[in-house]
Structures are given as structure tokens and as C-alpha cells.
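The structure appears right after this line, and notes come after that.
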Amino acid sequence: MEQYRRTAHCGQLTLADEGKTVTLNGWVHRNRDHGGVHFVDLRDRYGLTQIVVDEDAASKVREQAAALKFEYCIAVVGTVRRRLNPNPNIPTGEIEVSAGEIHILSRCEVLPFMVDEKSDAKEDLRLKYRYLDLRSSSMQRKLKLRHDVTFAVREFLNGEGFMEIETPTLIKSTPEGARDFIVPSRIHHGKVYALPQSPQLFKQILMVGGCDRYFQIARCYRDEDARGDRQLEFTQIDMEMSFVSRDDIFAVTEGMMAHIFKKTMNIDLSLPFLRIAYHDALNRFGSDKPELRFDMELQDFAPFVPGGGFKVFEQVLESGGAVKALVVKGCAGYSRKQITDLEDAAKTYGAKGLAWMKVTDTGIEGGISKFFAEKTGEITAGLGADTGDLILFVADKWQTACTALGAVRLKVGRDLGLIDSSRFAFAWIVDFPLFEWNEDEQKWDPAHHMFTMPQAQYLDTMESNPGDVRADMYDMVCNGYELASGSIRVHDPEIQKRIFSMVGFSQEEAQKRFGFLLDAFKYGPPPHGGIAPGLDRLVMIMAGENSIREVIAFPKNTVGISPMDESPAEAEPEQYRDLGLQVLPEEE
RNA sequence: GGGGGUGUGGCGAAGCUGGUUAUCGCGCCGGCCUGUCAAGCCGGAGACCGCGGGUUCAAGUCCCGUCACUCCCGCCA
């Protein structure tokens with residue numbers, strides 16, 4: 001290899017290098033043999049350089065060139081010269097390298113798919129041959145972006161006085177929330193480690209340990225079904241800070257996001273981010289991770305319901321539910337089929353149906369309009385609807401009505417092309433409820449984790465009115481994705497006890513599961529809080545992708561399999577024996 | 001756990017209400033070609049249409065089942 005080691009990479013040479021003798025290493029991207037003259041596009045991570053073998057080249061070089069096939073890994077020794085026909089589409093388009101020697105470093109079998117941006121091989125195949133997929137410039141660009149983002153994170157947080165500290169990935173299972181991945185212990189038969197769903201407890205203990213400002217690019221594991229924006233293992237920019245309030249965390253996180261976008265994409269984010277209360281996010285956008293790149297807010301139709309005689313709406317209101325309306329500008333021409341498609345979107349989220357009416361120049365028509373004809377003026381004025389608009393309604397429990405109509409809003413927004421894909425619409429969602437009512441078990445559950453601080457003004461009424469308690473908790477959202485979640489933590493053992501008892505968690509149980517954290521809190525814990533932006537989702541959004549698999553080098557597919565290494569796989573029998581494990585037959 | 005979509009040479013697709021020899025592009029093999037850059041031109045090989053069953057004179061096409069992938073609901077503190 002030594003003698004063929006590159007002296008330049010494939011994105012580097014310009015007219016300034018004219019006349020130089022260079023050695024290039026790379027892969028055969030394209031091969032254009034014109035009989036007399038032969039072109040080879042040589043590719044590496046940095047770009048493409050055109051190699052030329054002229055008719056008057058030595059016969060050995062001509063033979064070597066003729067033997068080349070797609071994705072052979074080669075070395076070329078040649079002379080940089082000006083192109084007769086420059087190609088303005090590539091950075092090296094003004095030069096080419098006239099080959100004096102070509103050496104095949106390794107051969108490549110017939111490809112399962114072309115290494116090409118235009119290749120649209122199915123994702124499963126791309127994942128099986130990920131090493132080929134990664135050679136494409138789009139994957140290279142995304143991996144580079146991810147690297148740049150990670151680097152910018154470290155750069156910024158280091159400048160803000162954060163220490164990067166590693167926490168263990170073999171920890172005690174604390175079976176709250178998601179399912180844990182379990183690692184059986186060989187030394188201690190019957191006992192298991194768990195892979196962390198997040199470094200949550202450890203980073204809080206780091207605060208007790210006086211670390212003050214911590215971060216970690218942390219791999220997290222959750223044994224739940226995957227999605228386009230969810231993987232079994234994923235990466236968080238995990239942060240925790242001592243002696244801070246919510247606004248301090250917002251300021252640091254906003255600064256970090258601004259730094260990331262400026263450094264990697266030269267985009268100036270406008271700070272501070274919008275803040276929306278959880279209740280308002282649902283009420284106005286039908287989601288706790290609202291897509292804010294277009295308006296079209298949900299509205300309350302309840303004031304117009306009484307006296308209309310439409311029983312469905314009246315009954316929902318009587319039982320404490322809500323009737324939400326969505327005015328879709330200029331879509332009175334929607335066909336029944338189009339409305340049915342929207343109804344399907346609403347039903348997916350639990351709505352029983354999607355009511356509608358159209359605004360025409362003579363009033364309101366179709367759907368449920370006959371019940372409200374007398375209030376036409378009142379309704380159109382109240383909702384801001386004009387001739388040519390379509391009005392859609394969902395009546396249900398407040399939350400269901402909001403989320404179902406929110407799904408319709410999102411579908412309509414996408415269908416109508418209302419979303420400017422070049423924008424990044426950030427916001428903080430604040431004032432989440434601390435508890436949520438568990439209908440099945442007739443008890444209060446923690447809405448987040450149990451170490452989330454209630455907001456101070458609710459401390460006195462936490463037991464008497466738990467449903468109204470707001471948490472000192474926040475999500476950062478962008479373009480309809482939850483990008484980060486965090487909170488101010490409970491550091492007062494008395495408050496912690498009250499929360500445990502609210503959610504029906506005994507002291508014994510708490511001690512058994514989180515004893516080490518509770519013990520730590522006996523020794524002068526500082527007030528603290530933190531946040532954990534998801535690195536995969538952040539890079540996905542920045543790259544304009546809609547699956548985090550596109551920004552993870554070796555992702556699992558949606559059924560948790562890695563098609564390349566074929567994990568998960570059975571272990572050797574002696575491995576099970578070492579662990580004292582026996583695999584039971586699958587239950588029907 | 002539930003719902004939708006997809007499955008046709010190595011890859012991506014077409015194939016309508018069932019009807020000869022399953023079509024196209026890319027790739028592959030052979031040949032031609034002095035300036036291309038998704039090079040071009042000529043020729044060729046390669047598919048039991050995911051799998052199993054059924055209906056029919058006849059199934060890629062219709063029915064039932066099943067598997068794989070994918071999107072979504074549930075789930076994801």
C-alpha cells in the first residue's frame with residue numbers, strides 16, 4: 001500500500017494543481033469507456049475526481065482501466081490537467097487526472113444496488129448492505145452532519161462549564177415507564193443488570209456529588225416497539241445542572257441549539273423560543289408536540305352548540321366533553337372521499353367521527369349544516385370562516401377531540417402544502433400536569449417520572465386537588481417532534497414522600513427501587529434540574545429526513561432486527577448454561 | 001395486541017375487468033465507439049411473480065391462510 005498511498009483526496013484538486021503528479025485512492029463510481037478515451041469517476045468521502053485514460057496511454061494502463069468495474073477500490077497515479085470540457089456541477093470539475101498507473105486494491109462483486117443517490121433500493125436491503133449504502137454522498141453528508149452537531153454540542157457545553165461524565169450502562173432495573181433491556185448476570189445467577197432507559201438517576205446523583213454541570217452523549221435503551229422516530233437504542237444529549245430554575249435550563253438549551261444551527265448549517269435561530277402551555281398546545285394545535293410551521297388552529301365550537309338541536313354535540317357537552325372546530329381555508333370543494341380520508345385520520349386517534357359543513361355564498365351547506373343554519377352569521381364570524389371554507393368538527397372527551405382534530409389539522413396542512421420545509425419552528429411546551437388519572441386502576445399516575453418537581457404554587461393543594469397540579473417540567477418541540485424533555489427535580493425528601501404516596505408507591509417499594517437515590521438525597525442534595533435533547537431526532541430534522549434510521553449508521557429495523565449482523569440471535573448453549581438460563585417454548 | 005400498505009430476474013417498477021412466449025429502466029455478459037460526466041449504439045443471459053392451499057378449462061391477476069418489510073394506533077415515566 002505504501003507506494004500507492006494517496007497524495008490528495010478526490011474532492012481536493014483544482015486548476016492550481018495543474019501539472020502535479022498525484023496519487024489518488026478511492027472507489028470506481030462511474031466507468032465510461034469510449035473505446036478511444038476512457039473516463040473513470042473516482043470517489044471517496046470528499047468528492048469525485050475524473051480519471052482519464054487517453055488513446056495514446058500505455059497499453060498496460062489501458063488494460064488496467066478496461067478491467068475496472070463498479071466499486072473496485074483502486075489507486076491511480078497520474079498528472080493533474082485542465083479539462084477540455086469542464087463540469088460545473090462538481091468542485092473538481094475543472095480538472096482531471098491523466099492516469100499513468102492504475103492499481104486495483106480490491107475487487108467488488110456485482111452490487112445488490114448501485115451506490116448512487118438515484119438508487120431507491122428498499123430500506124431493508126440498504127440496511128443489510130449498510131457498508132455500501134454508507135458510501136453514498138447522502139449518507140456521508142448525514143453522518144458528517146451528525147458528527148458536526150455532536151462536536152458543536154461538546155464545544156458549546158464545554159464553554160458553558162459542563163463536564164462530560166460517563167454513567168454506567170449496566171445498571172439496576174427500575175421498572176418504571178418503558179420496558180428495560182435485561183442483561184443476565186453470570187456471576188450472580190438469577191440476577192440481572194438493565195440497560196439504562198436514560199442516565200436519569202445517575203445524573204441526579206452526580207449533582208449530589210457536586211459536579212454542578214454535567215452532560216453526556218448518552219446511549220439509551222428502551223425495549224418498546226420501534227417507529228420512524230423511535231429506536232430500541234438511541235442517543236440523548238443528556239444534561240443536568242445544579243442551583244438552577246427552569247429559565248436557566250431554557251437559556252442554556254436555547255444557546256446550545258443556536259450554536260448547533262449556526263455552526264453546522266449557518267442558520268440563525270430566533271431566541272427565545274416560543275412558550276406554550278401544555279393545555280394550550282392541545283387546545284390550539286391538538287398535540288403536545290405541535291407542528292408550528294402553519295397556523296390553522298383548532299377552535300372551540302361549544303358556544304354555538306346549544307339550541308342547534310344536534311344531539312351528538314349536545315350530549316358530548318353535557319357529559320363534560322368538548323366540541324372542537326377546524327376551519328380549512330378554501331376547501332369547500334372537498335369531495336366526500338377527501339372528507340372520508342380526513343375522518344379516517346380522526347378515527348385513528350379515537351374520534352367516533354368527523355362532522356363537517358361548507359361555507360358557500362348563500363350560507364352553510366352539507367354535513368351537519370342544517371342544525372346550525374339559523375346561526376350561520378354567528379358561526380362564520382365567530383370561527384373566522386369565509387365563503388369557500390370547509391369546517392370540520394370532532395366532539396368527544398376534551399383530550400380525544402383535540403388530538404383527533406389535531407391529526408386532521410396535520411394531514412390537511414401536509415396535503416395543502418402549508419408547511420415550509422426550510423423552516424425550524426421551535427417551542428417550549430410548559431406547565432404539564434404532574435399527575436394523570438389512570439381510569440383502569442382508578443388512581444393517579446405520575447405523568448412524567450416521579451422525581452419531577454411540582455410548581456411551587458400547587459404544593460399546598462397537591463393532595464386535595466391533584467388533577468390541577470402543574471409540574472416544573474418542559475418539552476422542547478420542533479416541527480411536530482418532541483426534541484427534548486426535562487424538569488426541575490425533587491430534592492426535598494418530604495415532597496418526594498408526598499408524591500410517592502399520591503401515586504400509591506410505598507416507602508418500602510421506593511426504597512427498594514430507588515433507595516440509592518433517596519439515600520443520596522439525605523446528604524445535602526442541591527436543587528437541580530436538567531433536560532435531554534434527542535440527538536437522533538435533532539439530526540433527522542436538520543437533515544430534512546423523517547426517519548431517525550437515516551441518521552444512524554447501523555440502525556435496527558421496525559421489528560428490532562439489524563439486517564446486517566442479524567441481531568438478535570441465539571447464543572451458544574453453553575452461554576445459556578453459564579447464565580443459568582433456560583428458554584421456554586413460546587406461549588400461544 | 002390492532003389497523004393500513006407493499007412483496008414480480010441482482011435493483012427499481014409496469015402488468016386493467018383471469019386468457020398464448022410475464023413488459024420496461026438500471027445492473028450483469030459479449031461487441032462497437034476519441035471528450036464523456038446517469039455517456040451512447042448493437043446483441044445476449046437472467047423470474048417457477050414472498051410462501052402454502054383453494055376456485056377455474058385457465059391464476060402474477062380472484063379467495064383463504066401464512067411470512068417478511070413498512071406506516072400508523074396501542075405502547076414509548
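The analysis underlying the following values was restricted to heavy atoms, covering all of them including side chains, and did not include hydrogens, waters or symmetry mates. Per chain, numbering begins at 1; letters A, B, ... match sequence-line order.
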Measuring only the [atom1] atom in each nucleotide, how far is [N] from [M]? A whole number of Å is fine.
N: B:C48; M: B:G60; atom1: P; value: 13 Å
N: B:G52; M: B:G9; atom1: P; value: 15 Å
N: B:U8; M: B:C51; atom1: C1'; value: 14 Å
N: B:C62; M: B:G74; atom1: P; value: 33 Å
N: B:C26; M: B:G43; atom1: P; value: 14 Å
N: B:C71; M: B:A13; atom1: P; value: 15 Å

Under 4.0 Å between any heavy atoms, over every strand shown, what does [X] touch: base, sugar-phosphate, or nothing? Just pick one.
X: A:G228; value: sugar-phosphate
X: A:D33; value: base
X: A:D116; value: nothing
X: A:R230; value: base
X: A:I561; value: sugar-phosphate

Is there a side-chain contact between A:N85 and the phosphate of B:G35, meaning an N or O under 4.0 Å from OP1 or OP2?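 No, because none of the side-chain N or O atoms of A:N85 sits under 4.0 Å from OP1 or OP2 of B:G35.
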Looking at B:G35, I'd like to know if its phosphate oxygens (OP1 or OP2) sit under 4.0 Å from a side-chain N or O belonging to A:R32.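 So the side chain of A:R32 is outside the cut-off, no N or O lying under 4.0 Å from OP1 or OP2 of B:G35.
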Once hydrogens and angles are ignored, does a donor-acceptor distance under 3.5 Å link the base of [N] to the side chain of [X]?
X: A:D225; N: B:C75; answer: no
X: A:E109; N: B:G10; answer: no
X: A:R81; N: B:G35; answer: yes
X: A:Q50; N: B:U36; answer: yes
X: A:R83; N: B:C37; answer: yes

Mind running salt bridge (Lys or Arg N to Asp or Glu O under 4.0 Å) on A:D133 and A:R126 for me, showing each step along the way? CA-CA 6 Å; A:D133 191 41; A:R126 289 175 54 206; 3.0 Å; yes
Close side-chain approach of A:L405 to A:L354, heavy-atom, < 4.5 Å: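 The answer is yes, as the side chains (C-beta and beyond) meet within the 4.5 Å cut-off.
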Can you tell me the Watson-Crick or wobble partner of [N], both distances under 3.5 angstrom?
N: B:U34; result: none
N: B:G19; result: B:C57
N: B:C49; result: none

Which nucleotide in B:C26, B:C28, B:C11 has an atom nearest any side-chain atom of A:M114: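 Output: B:C26.
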Among B:U34, B:A77, B:U36, the one nearest A:R222 by side-chain distance: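 The answer is B:A77, which lies nearest to the side chain.
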A:S198 side-chain N/O to A:Q200 backbone N/O, donor-acceptor pair under 3.5 Å: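 Checking the backbone N and O of A:Q200 against the side chain of A:S198, a donor-acceptor pair under 3.5 Å is found.
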With centres under 5.5 Å and planes under 30° as the test, does A:H34 stack with B:A39?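 One would call A:H34 stacked on the B:A39 base.
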For A:F113 and B:C11, is the gap between ring centres under 5.5 Å while the planes differ by less than 30°?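 The base of B:C11 is not stacked with A:F113 (the test needs centres under 5.5 Å and planes under 30°).
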One thing to verify: whether A:D116 and A:R30 come together as a salt bridge, which I'm taking to mean a side-chain N less than 4.0 angstrom from a carboxylate O.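 Looking at A:R30 and A:D116, the cut-off is met.
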